[in-house]
J.: 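Have a look at this one.
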Number of protein chains: 2
Amino acid sequence: MPGLIAGPALGIHPATPPTQEDLDRWRVDDYEARPRRLARLRERMAAEGVDAYFGVRRENTRYVSGFVLGEGEEKMAGVSGQFLVSADEVVVLADSRYTLQARDDCPAARVEPVYNDFAERWPALLSSLAPVGGGGGVRRVAMEAGFVSHAMWERLARGDPGVTLVAAEGWIEQLRQVKEPAEVERIAAACAVADEALQRLLPAIRPGVAEHDLALQLEWEMRTNGAEALAFDVACLAGDRAALPHGSPGSRVVRDGEVLLFDFGAQVAGYRSDMTRTLFVGEPSQRDLDVYQLVLDAQEAAFAALSEAVEAGEHPTNRSIDAAAREVIATGGHGEHFGHGLGHGIGLATHESPSLGRLAPEAPLPSPTVFSVEPGIYLDDVTGVRIEDLVVCDPDARRLERLTRFTREVTVVG
Amino acid sequence: MPGLIAGPALGIHPATPPTQEDLDRWRVDDYEARPRRLARLRERMAAEGVDAYFGVRRENTRYVSGFVLGEGEEKMAGVSGQFLVSADEVVVLADSRYTLQARDDCPAARVEPVYNDFAERWPALLSSLAPVGGGGGVRRVAMEAGFVSHAMWERLARGDPGVTLVAAEGWIEQLRQVKEPAEVERIAAACAVADEALQRLLPAIRPGVAEHDLALQLEWEMRTNGAEALAFDVACLAGDRAALPHGSPGSRVVRDGEVLLFDFGAQVAGYRSDMTRTLFVGEPSQRDLDVYQLVLDAQEAAFAALSEAVEAGEHPTNRSIDAAAREVIATGGHGEHFGHGLGHGIGLATHESPSLGRLAPEAPLPSPTVFSVEPGIYLDDVTGVRIEDLVVCDPDARRLERLTRFTREVTVVG
């Protein structure tokens, strides 16, 4: 069936890298969206009976406050960027290096200058908050238990023994699954930057070039054409190395007649893309072409299942979409060569909810949401093929679009 | 005084980026050093009465096992790269994506394939270990409490209630302070890559160029000339923005008559460099020149204090070196404009022990060790100057060398 996924004519994929106007507009969009995000978080807090929320994860900080930390910057930032949410405030912690930035990034938040004295100041900080539960002060604090270190938890628990710390996992992450229009725009822009970069790289691909040189050039194409950062390190794997679902580019050179797999993504205004293309260098072997066609058919089967549900206004489950693709690969005789899940949500983080796989707890997909569809077949020591596109899926609005627009046709280079 | 720091003629600073032979040799050096590192860790474990050590920090994994994770890769890697040390083994956890790499990176370790079942398999894993304390099994496990999340700690505590989890902070970090010759070589190589990159960038600096374009080009120079990665995102700050001790390059263009501050570093075979140079674009103002000279004098005072101690075979304290530089700046009337510490250790992490500052607990510097010496003066909304060099300091061998070799003379560009 043709379905709703029709290709490059659907309009939300910008043809050019983001402009300063785009960046300014998204900043305003975020500013206006934040009270709605916080209202939903406070609903959850009230339902769980907590008075305040203490968060440390960089994506969550940005989502609720606007404070921007680079990937890995948490390690140098100490408590800067960690935050508290009360009934009527967001409080962002910032040591002297970060106070100016915090005031600029978070016009709606209270910026609290702190340094090594955080645990000592914890009781006074909590006392300054209006509890979500009302009444005489903060009694129970939700903590991002998957990200707060054990040492910090213990220090804060001792810092104010009258307060109960409650392990919270996934509260903000669950909100982040549902994407606002300005979030989808940025993911689409990041897809456009990645699409364009691979297009620009094609003339450089030829037998004898090393994986790491192609990876570096692809990175350069993204970062000089609209990406503020990479979504993750570029994977570029040639021939038998494409059979490694995880693998880093090395000094291995591409040879004639081999596949060449690129897995990469860009970041635009905080939001990320993720795509995989498997190209053919020189004359493809029939074996590789057959594997490629099977992976493509599997991806089409997933799109068709999504399309059918979305046209009916139904929310398909994560597992049902995985199963649609997996069945095609199993029928083709390669069931045991597709070891990973079909896809993952993406946004401020490269991997986020929802998770589309056999092992994920079965659940209807949120709406609207953005995720990858990335079937693969890996023949150890022989060859590997993966094709990965991002889609935005919104059954409530009868909308399904492929955000990755690079061709999925067999592409011969070199 | 001339001191031991004599400049570029001392020989350990390679003139060219590392070769494949260098990389192969360092791999062997690490392999041979690991039993000595582990022996020291086990001494500490025995002294603290623990039978096993559970680690999660990527730098520590690499230090004791050889397993390499990229910066930030922990977030996608799950438990892969986490490790246990017993009386006679290192056990490295790896899910299916990482098992091949773990076997290759860690020839001396037991690679334990795990996935989502880690907490369930924890008791059996502990039972498979020979306890450091001898006797009938593992009773007490040291945990990297500053890095293990509260949620994981709780899961493992429930997973085997018969075992006591003991918070360990800084045990391996303390070992990492003392640098082996092959570690110093790699830091020196990373310094050489950074020095060379700034030299190559100089012709591109002129009024009207944006900070972020210069930052990107400097990154490119490093990554195409020997750096496997950056040590951290390049800072490039012009004019009044140089007064931000932490600041990210933006669209601000460099103007004639301003300072231009670069803070950057390379990574070579896992080891990092970190340097800052403040250049002058066009004719320098007398104000900026005066500030520059004071910062340079402060750095020289720190070197002189180090040199005096090292020549006498004495171990200076971290605070005494900070004080030597700080006194010069205070005497020059800018005491309140030097807000941060004088320096920090560096190695597998950009910031590690020892810490040289007023606030750090006073302690003699370890030997041999590598750290930064980076005084700065920051005049809010006006200008800023910082000069940062790495030194290797080994009083026991009467050795003190500056690893950063880029000139500290007033450098006018544009």
J.: Would you compute the distance between atom CH2 of B:W220 and atom OG1 of A:T224 and round it to the nearest 0.5 angstrom?
T.: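 It comes to 8.5 Å.
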
J.: Quick one: what part of B:E219 sits under 4.5 Å from any heavy atom of chain A, side chain, backbone, both or neither?
T.: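 Side chain only.
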
J.: Among B:V148, B:D213, B:L100, B:L216, which residue forms the greatest number of heavy-atom pairs with chain A at distances under 4.5 Å?
T.: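 The option with the most such pairs is B:L216.
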
J.: Quick check on B:R57 against chain A: is it the side chain, the backbone, both or neither that has a heavy atom closer than 4.5 Å?
T.: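 Interface part for B:R57: neither.
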
J.: Take atom CG in A:D240; do more than 12 heavy atoms of anything else shown fall under 6.0 Å from it?
T.: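 Correct, the count exceeds 12.
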
J.: Quick one: of A:A151, A:S96, A:G247, who has the most non-hydrogen atom pairs under 4.5 Å with chain B?
T.: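 Heavy-atom pairs under 4.5 Å are most numerous for A:A151.
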
J.: Could you look at B:E169 and say if it's the side chain, the backbone, both or neither that has a heavy atom under 4.5 Å from chain A?
T.: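 Side chain only.
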
J.: Which atom names give the shortest non-hydrogen contact between B:S149 and A:A145, and what distance separates them?
T.: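 Scanning both residues completely, I find the closest heavy atoms to be CB-O, 3.5 Å.
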
J.: Is it true that atom CG of A:D117 has more than 12 heavy atoms of other residues, nucleotides or ligands lying nearer than 6.0 Å?
T.: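 Buried by this count: over 12 neighbours within 6.0 Å.
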
J.: Given a strict heavy-atom distance threshold of 4.5 Å, which part of B:L165 is in contact with chain A: side chain, backbone, both, or neither?
T.: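 Neither; nothing under 4.5 Å.
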
J.: Which bit of B:E73 comes within less than 4.5 Å of chain A, counting heavy atoms only: side chain, backbone, both or neither?
T.: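 For B:E73, side-chain heavy atoms alone lie under 4.5 Å from chain A.
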
J.: To the nearest 0.5 Å, what is the distance between CD on B:E154 and CH2 on A:W153?
T.: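 Going from CD on B:E154 over to CH2 on A:W153, the span is 7.5 Å.
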
J.: Just so I understand: if I count every heavy-atom pair under 4.5 Å between each of A:E71, A:M143, A:K75, A:M152 and chain B, which residue has the most?
T.: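 Top count of heavy-atom pairs under 4.5 Å with chain B: A:K75.
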
J.: Check the pair B:H150 / A:E144 against side-chain contact (heavy atoms from CB on, under 4.5 Å), numbers first and verdict last.
T.: CA-CA 9 Å; B:H150 175 76; A:E144 288 184 352; over 6 Å; no

J.: Show your working on side-chain contact (heavy atoms from CB on, under 4.5 Å) between A:H351 and B:M76 and close with a plain yes or no.
T.: CA-CA 8 Å; A:H351 285 182; B:M76 320 256 276; 4.0 Å; yes

J.: For A:D95, I'd like to know if atom CG has over 12 heavy atoms of other residues, nucleotides or ligands within 6.0 Å.
T.: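 Yes, enclosed.
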
